[in-house]
Peer 1: 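This is the structure I want to talk about, given as structure tokens.
Just so we're on the same page: letters track the sequence lines, and every chain starts at 1. In this text the structure is predicted, and so the values were computed from the model without any measurement.
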Amino acid sequence: MKIYNTLSGGKEEFVPITPRKVKIYACGVTVYDHCHIGHARSAIVFDIIRKYLKYKGFDVTYVRNFTDIDDKIIKKAQQEGVTWDVVARKYTEEYYRDMDMLGVGRADVEPKATDYIPEMISIVQELINKGYAYESDGSVYFSVSKFHAYGKLSKRDMDEMQAGARVEVDERKDNPLDFALWKKSKEGEPFWESPWGLGRPGWHIECTAMSIRHLGETFDMHGGGADLLFPHHENEIAQSEAYTGKPFAKYWVHNGFITIKKEKMSKSLGNFFMIKEVLDKFDPEVVRFFLLSTHYRSPIEFSDEELREAESSIDRYYTTAVRMDDFLSQKGDGQNQLSDAGKMFEKLLLSFRDKFQEAMDDDFNTALAVGHIFEVIREANRFLDTKPSGAKTAELLLNTAKLLSEFGNVLNIFGRTPREWNLSLMKIKKIGISEEGIYEKIRERQEARLRKDWKSADSIRKEFEEIGIILEDKKDRTDWKVKVG
RNA sequence: GGCGGCGUACCCAAGUGGCUAAGGGAGAGGUCUGCAAAACCUUUAUGCAGCGGUUCAAAUCCGCUCGCCGCCUCCA
């Protein structure tokens, strides 16, 4: 399989350091505020990458950290008149709530920066000993000029960056590009004891400490949002490789941004949607599906309209699932031959696992994979339209359902029953009728239909339509579903 | 200024050298249906921002132009 590596700027054949094992470190969130949908994208992307690698048979160790001490947390704590750890705890809990609602799985290890202070201090000390870092007025800085490969990830030239002069000049630094490994704490700020006095870790050093501790000095994949590329990941590489003398992460994977009206969603622009407010209007599966319908490296435009389209797509799956379930719950008539249409469908079906994997093997092309899934769905519907029957057909449709759920498992979609999907839609769209109430009305309408009282039957259906429920008359019953899109 | 990306139908989107340019949504027509819905079929890009070039062959490679965006400062 091929993965795009930011370090090389191209797709590379994926070869794990240890055969069949993959070690992934993804940068998580700084717990100082609510999570927005951009955080969700990153979490979902790496969740799917991890799932697919497992599906392919790799033994995956996935680490995703929390930054629970930094300037923003301290600022927030001061604003709210609480201590930093209260803020960190509050937003960590909120992060978990959001992720649970979204259906994003936990990482195997979810370390917090402040649990690794001794490790960080010892790395910083070693960097000083090796001459890569220097102490200045109680803080410690990494000397960028000592690490000659600096800029290799973000493809930056140190001289040009200095010419850019957008870096804050700090008297205590030898070079404006040097970054803090350890920061002296000011009066009233949280602190830990260190050889350089009271202070706290710089932003980047935590990832070095935690990834090395849990994954080793060199590991397979390091990821995060594209905005972490510089300076965060560049600095991580510098301090980690200077410290160990070994290559840090082999593959660097960065997800693209979510945009609103073509602009990057960000806190500073104020154009962001919190995860919980999106989930107030859309089912979590819709959000996940939407994010997977565009390649993870591309920007993705976020809007209600796009989400409604995603909702319609998912509904198409569940509608087809009902048709397949209906067939499977029927008794076969003993006919044990597949029709010509069945044979053609069977042949086609057999090719789809390869197609799905081929798509995912190509830098996790979920958009293409989803396209293939909908081809299966169309073909399944087409086959069902031929009104097939028999045990062989049942077997074929069972295999179809299994295949779709196999793919769905990897992408974390299609995991529910059609009924669960519709009940969830009812809740989200705030349709004020119970499932019982629906069936009662359906029975009433059924009686009218038997009397051929089409007027009454149609008026009941009209009532349903007005509250957002669609009735489907079938051979032996009437089904209901929530109107989507 | 430096570095990077994008521009594919009405909308979203895959495709990065070679069969009829995936898939979803929307629209129109049809089949089915008491009528619907769903499903299926047909239809909506002789063309992939524009111009030029390389090639037997390009949406796909190269050059230029136009438009949009990102990073270079905390940021998923």
Peer 1: How about A:Tyr25 and A:His222: are their ring centres within less than 6.0 Å of each other?
Peer 2: yes
Peer 1: Between P on B:G23 and CG on A:Asn365, what's the gap in Å once rounded to a whole number?
Peer 2: 15 Å
Peer 1: Would you mind telling me which residue lines up with the more 5' stretch of RNA chain B, A:Glu305 or A:Cys27, judged by nearest nucleotide?
Peer 2: A:Glu305
Peer 1: Ignoring hydrogens and geometry beyond distance, is the side chain of A:Lys264 in donor-acceptor contact with the base of B:C69 at under 3.5 Å?
Peer 2: no
Peer 1: Once you round it to whole Å, what is the distance between C1' of B:C40 and CG of A:Leu384?
Peer 2: 11 Å
Peer 1: Please state the C1' separation for the pair B:A21 and B:A45 - nearest whole angstrom.
Peer 2: 8 Å
Peer 1: A:Tyr52 and A:Asp361: side-chain donor and acceptor closer than 3.5 Å?
Peer 2: yes
Peer 1: Considering the options A:Arg288, A:Arg416, A:Lys429, which one meets the salt bridge (Lys or Arg N to Asp or Glu O under 4.0 Å) requirement together with A:Asp283?
Peer 2: A:Arg416
Peer 1: Using Watson-Crick pairs (N1 to N3, plus N6-O4 or O6-N4) and G-U wobble pairs, both distances under 3.5 Å, which stems of at least 3 pairs involve RNA chain B?
Peer 2: B:1-7 with B:66-72, B:10-12 with B:23-25, B:26-31 with B:39-44, B:49-53 with B:61-65
Peer 1: B:A39 C1' sits how many Å from A:Asp326 CG, rounded?
Peer 2: 13 Å
Peer 1: So does A:Arg382 get a side-chain nitrogen or oxygen closer than 4.0 Å to the phosphate oxygens (OP1/OP2) of B:C41?
Peer 2: yes
Peer 1: Nearest whole Å is fine: how far is B:C71 P from A:Glu263 CD?
Peer 2: 10 Å
Peer 1: Measure the acute angle between the ring planes of A:Tyr251 and A:Phe14, then classify it against the limits of 30° and 60° as parallel, tilted or perpendicular.
Peer 2: tilted
Peer 1: Less than 4.0 Å between a side-chain N and a carboxylate O, is that true for A:Glu472 and A:Lys481?
Peer 2: yes
Peer 1: Say we look at B:C56 and B:G17: how far apart would their C1' atoms be, to the nearest angstrom?
Peer 2: 12 Å
Peer 1: For A:Asp362 and for A:Gly225, locate the closest nucleotide of RNA chain B by heavy-atom distance; then report the residue assigned to the nucleotide nearer the 5' terminus.
Peer 2: A:Asp362
Peer 1: Closest to the A:Phe374 side chain: B:C75, B:G23, B:A14?
Peer 2: B:G23
Peer 1: Tell me if the centroids of the rings in A:Tyr91 and A:Phe66 come within less than 6.0 Å of each other.
Peer 2: no
Peer 1: With respect to the side chain of A:Glu306, which nucleotide from B:A76, B:C12, B:U73 is positioned closest?
Peer 2: B:C12
Peer 1: Under 4.0 Å, counting only non-hydrogen atoms across every strand here, what does A:Ile37 touch: a base, just sugar-phosphate, or nothing?
Peer 2: nothing
Peer 1: So which nucleotide from B:A76, B:A22, B:A13 ends up closest to the side chain of A:Thr294?
Peer 2: B:A13
Peer 1: Any ion pair linking A:Arg477 and A:Asp326 (charged N to carboxylate O, less than 4.0 Å)?
Peer 2: yes
Peer 1: With respect to the phosphate group of B:A76, does any side-chain polar atom (N or O) of A:Asn255 fall under 4.0 Å of OP1 or OP2?
Peer 2: no
Peer 1: Name the closest nucleotide to the A:Arg156 side chain, picking from B:G25, B:G2, B:G23.
Peer 2: B:G2
Peer 1: At 4.0 Å (heavy atoms only), tell me whether A:Gly371 reaches a base, stays on the sugar-phosphate, or touches nothing.
Peer 2: base
Peer 1: What does A:Arg308 touch in the nucleic acid at a heavy-atom separation under 4.0 angstrom: a base, only the sugar-phosphate, or nothing?
Peer 2: nothing
Peer 1: In whole angstrom, what separates A:Glu311's CD from B:A26's C1'?
Peer 2: 15 Å
Peer 1: Out of B:A76, B:C3, B:A39, which nucleotide sits closest to the side chain of A:Lys155?
Peer 2: B:C3
Peer 1: Mind checking A:Gly224 for me? I need base, sugar-phosphate or nothing, with any heavy atom below 4.0 Å counting as a touch.
Peer 2: sugar-phosphate
Peer 1: Counting the benzene-type ring for Trp, do A:His254 and A:His233 have ring centres under 6.0 Å apart?
Peer 2: yes
Peer 1: Counting distance alone, no hydrogens or angles: does the base of B:G24 have a donor or acceptor under 3.5 Å from a partner atom on the side chain of A:Glu309?
Peer 2: yes
Peer 1: With heavy atoms under 4.0 Å as the rule, sort A:Gly256 into base, sugar-phosphate or nothing.
Peer 2: base
Peer 1: Expressed in angstrom and rounded to an integer, what is the separation of A:Met360 atom CE from B:G15 atom P?
Peer 2: 13 Å
Peer 1: Given the side-chain rings of A:Phe374 and A:Tyr317, with only the six-membered ring counted for Trp, is the space between their centroids under 6.0 Å?
Peer 2: no
Peer 1: Write down the protein N/O and nucleotide N/O pairs, taken from nucleotides 34-38 of chain B, whose separation is under 3.5 Å; answer none if there are no such pairs.
Peer 2:
from, atom 1, to, atom 2, distance (Å)
B:G34, O6, A:Arg445, NH2, 3.4
B:G34, O6, A:Arg449, NE, 3.4
B:G34, N1, A:Asp458, OD1, 3.0
B:G34, N2, A:Asp458, OD1, 3.3
B:G34, N2, A:Asp458, OD2, 2.6
B:C35, O2, A:Asp458, OD1, 3.4
B:C35, O2, A:Arg461, NH2, 2.1
B:C35, N3, A:Arg461, NH1, 3.2
B:C35, N3, A:Arg461, NH2, 2.9
B:C35, N4, A:Asp473, OD2, 3.0
B:A36, N6, A:Asp473, O, 3.1
B:A36, N1, A:Asp473, N, 2.8
B:A36, N3, A:Arg461, NH1, 2.9
B:A38, O4', A:Glu472, OE2, 3.3

Peer 1: Do A:Phe46 and A:Tyr62 have ring centroids that are under 6.0 Å from one another?
Peer 2: no
Peer 1: Counting only side-chain heavy atoms from C-beta out, which of B:C40, B:A76, B:C75 sits nearest to A:Ser266?
Peer 2: B:C75
Peer 1: Between A:Ile258 (CD1) and B:C69 (P), how many Å, whole number?
Peer 2: 18 Å
Peer 1: Base, sugar-phosphate or nothing for A:His295? Non-hydrogen atoms, less than 4.0 Å.
Peer 2: sugar-phosphate
Peer 1: Starting at OH of A:Tyr318 and ending at P of B:G24, how long is that distance when rounded to a whole Å?
Peer 2: 17 Å
